[in-house]
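Atoms within a ligand are numbered from 1 in the order they appear, just like the ligands themselves.
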Amino acid sequence: MKRFENLIGGEKCPAASGKWLRSLDPYRNEDWCEIPDSDEVDVDRAVEAARDAFQSDAWRSLTPTARGALLRRVGDLIAENAERLAELEVRDNGKLLSEMLAQLKYIPQWYYYFGGLADKIEGGVLPIDKADHFVYTNWEPLGVIAAITAWNSPLLLLTWKLAPGLAAGNTFVIKPSEFASASTLAFADLFEEAGFPAGVVNVLTGTGRGAGQRLVSHPDVAKVAFTGSEATGRAISSSAGANLKHATLELGGKSANIVFADADLQAAAAGVASGIFAATGQTCMAGSRLLVQREVYEEFLQAICTIAEGIKLGNPVDPDTQMGPVANAPHYQKVLGMISQAMDDGAELAYGGNPHTDASGGLFIQPTVFRDVSNESRLAQEEIFGPVLAVIPFDTEEDAIAIANGTPFGLAAGVWTTNMSRTFRISQKLKSGTVWVNTYRALSYIAPFGGMKASGLGRESGQEMIKSYMQTKTVWINNSTEAVTNPFIMRLS
Ligand code: TXE
């Protein structure tokens with residue numbers, strides 16, 4: 001079986017304990033590789049390597065312009081290795097090769113963008129209110145960043161942290177999800193190939209309990225950048241708070257796609273299907289609630305069920321496949337459990353609801369649609385992270401806003417309408433970090449992304465985000481030749 005190793009301080013190495021975890025190919029439903037089962041010993045070594053690299057001349061003496069050049073070089077290497085890395089991701093999480101390859105081809109843009117930004121973060125000279133003082137600010141990196149990622153899009157989620165964080169001058173210890181670590185371990189090699197000093201980018205694999213917990217509470221970690229479940233996000237936030245660390249948290253969602261009767265219904269149906277069935281529904285931004293205005297409710301529901309019925313499930317590397325398997329065995333059981341829970345709670349199935357079996361033995365679940373769902377039900381309130389859509393009718397714009405905002409989450413929302421003034425009104429009132437109008441699942445390195453309420457803290461991507469990996473320093477220089485007037489009171493004038 002293929003083995004991948006940690007990267008710590010520039011050295012490829014197994015876990016100090018010699019233990020390995022197996023990783024599943026969810027399409028073949030068989031283990032295909034082993035990754036190190038790292039523990040506290042490995043975490044401590046990796047943080048030490050990152051801390052030493054942060055303090056080293058090799059990293060500190062690089063000008064921001066030189067760091068930017070390294071980021072652009074790594075972007076080129078990612079583009080050159082896109083196919084190989086996408087294939088590893090697909091093997092580990094069963095998502096479509098077409099989707100993972102499209103991500104890999106776009107990922108370099110984050111490195112080009114933040115590489116370009118590295119030497120454009122300027123401090124300022126302050127027009128200070130004290131005579132004979134020269135006061136300036138500058139932006140400094142935080143130190144060692146712990147990046148903890150989920151299994152659904154390992155390299156994209158990592159890049160959202162790594163590109164701004166490295167551009168800002170930090171060093172990293174990365175712990176990918178134990179369910180899909182192979183691509184991250186292979187990806188990390190590209191940084192040294194690009195010329196980053198050893199120890200700037202370190203990766204170790206292992207479980208949340210075994211490696212993750214120690215990493216987020218390590219005293220030499222300055223910030224935790226996390227993508228994953230709400231429950232783990234809360235645990236990490238508590239730990240970061242108790243240890244006074246910075247944290248950004250990209251958590252789950254229960255995003256609403258809102259379809260008004262005046263919408264282009266054909267375009268809306270395609271957008272709604274992409275929001276919930278693409279990636280087998282395993283995206284934080286999944287549009288897992290569909291709100292449809294009552295005049296077009298039956299017609300639109302029918303259109304969605306027809307799309308669901310026509311979806312081709314199969315081998316994720318086959319270009320004709322539209323939906324791959326669920327990424328791992330515990331998650332497969334969880335999604336099926338939530339479907340049967342919804343049925344026990346009285347939800348009415350409009351399509352699907354069962355495992356889908358084929359000769360591969362893969363972990364397939366039918367695209368599933370529930371109709372007339374109550375927004376108070378668990379089906380409408382809890383993130384399923386699978387191809388399961390809860391359809392809810394509404395009458396007025398106010399109803400739609402109340403239903404859309406009526407969950408603990410606030411990651412994204414989709415609005416389908418041809419009424420432009422409604423577009424502005426509703427975008428202001430939706431409590432979500434992103435609002436897509438007449439589109440869905442659009443992302444860019446230029447556009448901030450992240451959640452309100454239980455969907456997280458902080459944002460990723462966009463110019464401002466580089467500063468979430470930095471802190472300000474204020475320097476006061478007294479030019480006066482006179483002695484301090486009164487040493488026993490604060491200098492206020
Ligand atoms: O996520 P976790 P899992 C949802 C989805 C899924 C559920 C669980 O519903 O079924 O979360 O998935 C690390 N300290 N999402 O188990 O547990 C862990 O090792 C430090 C939504 O994969 O949140 C992994 O690297 N680290 C989501 C990462 O955290 C810890 C994407 C995520 O694991 C830790 C994925 C701890 N105490 C799943 N516990 C989204 N919103 O995109 C775990 N980890």
So which protein heavy atom does [atom] come closest to, and at what separation?
atom: atom 41 (N) of ligand 1; answer: Leu251 O, 3.0 Å
atom: atom 38 (C) of ligand 1; answer: Phe385 CE2, 4.0 Å
atom: atom 40 (C) of ligand 1; answer: Cys284 CB, 3.6 Å
atom: atom 13 (C) of ligand 1; answer: Ile148 CG2, 3.7 Å
atom: atom 35 (C) of ligand 1; answer: Ala150 CB, 3.3 Å
atom: atom 16 (O) of ligand 1; answer: Phe179 CE1, 4.3 Å

Does [X], backbone or side chain, put an N or O under 3.5 Å from an N or O of ligand 1?
X: Glu250; result: no
X: Gly208; result: yes
X: Ile384; result: no

At under 4.0 Å between heavy atoms, which part of [X] makes contact with ligand 1: side chain, backbone, both or neither?
X: Ser229; result: both
X: Ile236; result: side chain
X: Arg209; result: neither

Is it true that a side-chain atom of [X] and a backbone atom of [Y] form a donor plus acceptor pair closer than 3.5 Å?
X: Lys161; Y: Ile174; value: no
X: Asp42; Y: Ala16; value: yes
X: Thr283; Y: Ala279; value: no

> Do other residues, nucleotides or ligands put more than 12 heavy atoms under 6.0 Å from the NZ atom of Lys12?
Replying inline: yes
> In this structure, are over 12 heavy atoms from other groups packed under 6.0 Å from Lys453 atom NZ?
Replying inline: yes
Check whether any side-chain heavy atom of [X] sits under 4.5 Å from a side-chain heavy atom of [Y], and report yes or no.
X: Glu11; Y: Glu5; value: no
X: Leu443; Y: Phe449; value: yes
X: Leu156; Y: Trp160; value: yes

Please could you name the atoms of ligand 1 that [X] approaches to less than 4.0 Å, counting only its heavy atoms?
X: Gly212; value: 14 (N), 20 (C), 26 (N)
X: Lys175; value: 18 (C), 19 (O), 25 (O)
X: Asn152; value: 31 (C), 42 (O)
X: Trp151; value: 3 (P), 12 (O), 22 (O)
X: Gly252; value: 41 (N)
X: Glu178; value: 18 (C), 19 (O), 24 (C)

>> Tell me whether ligand 1 is touched by Pro176 - counting only heavy atoms on the residue side and a distance under 4.0 Å.
In response: yes
> Taking atom 28 (C) of ligand 1 as the point of reference, which of Thr149, Thr232, Val224, Val216 owns the nearest heavy atom?
Replying inline: Thr149
> So which of Lys334, Gln213, Gln333 gets nearest to atom 9 (O) of ligand 1, if we judge by its closest heavy atom?
Replying inline: Lys334
> Taking the six-membered ring for Trp, are His331 and Phe385 parallel (under 30°), tilted (30 to 60°) or perpendicular (over 60°)?
Replying inline: perpendicular
> Does a side-chain N-to-carboxylate-O contact under 4.0 Å join Glu34 and Arg3?
Replying inline: yes
> How far does CG of Leu249 sit from CD of Glu230, to the nearest 0.5 angstrom?
Replying inline: 10.5 Å
>> Please tell me whether Trp416 and Phe300 form a close aromatic pair, meaning their ring centres lie under 6.0 Å apart.
In response: no
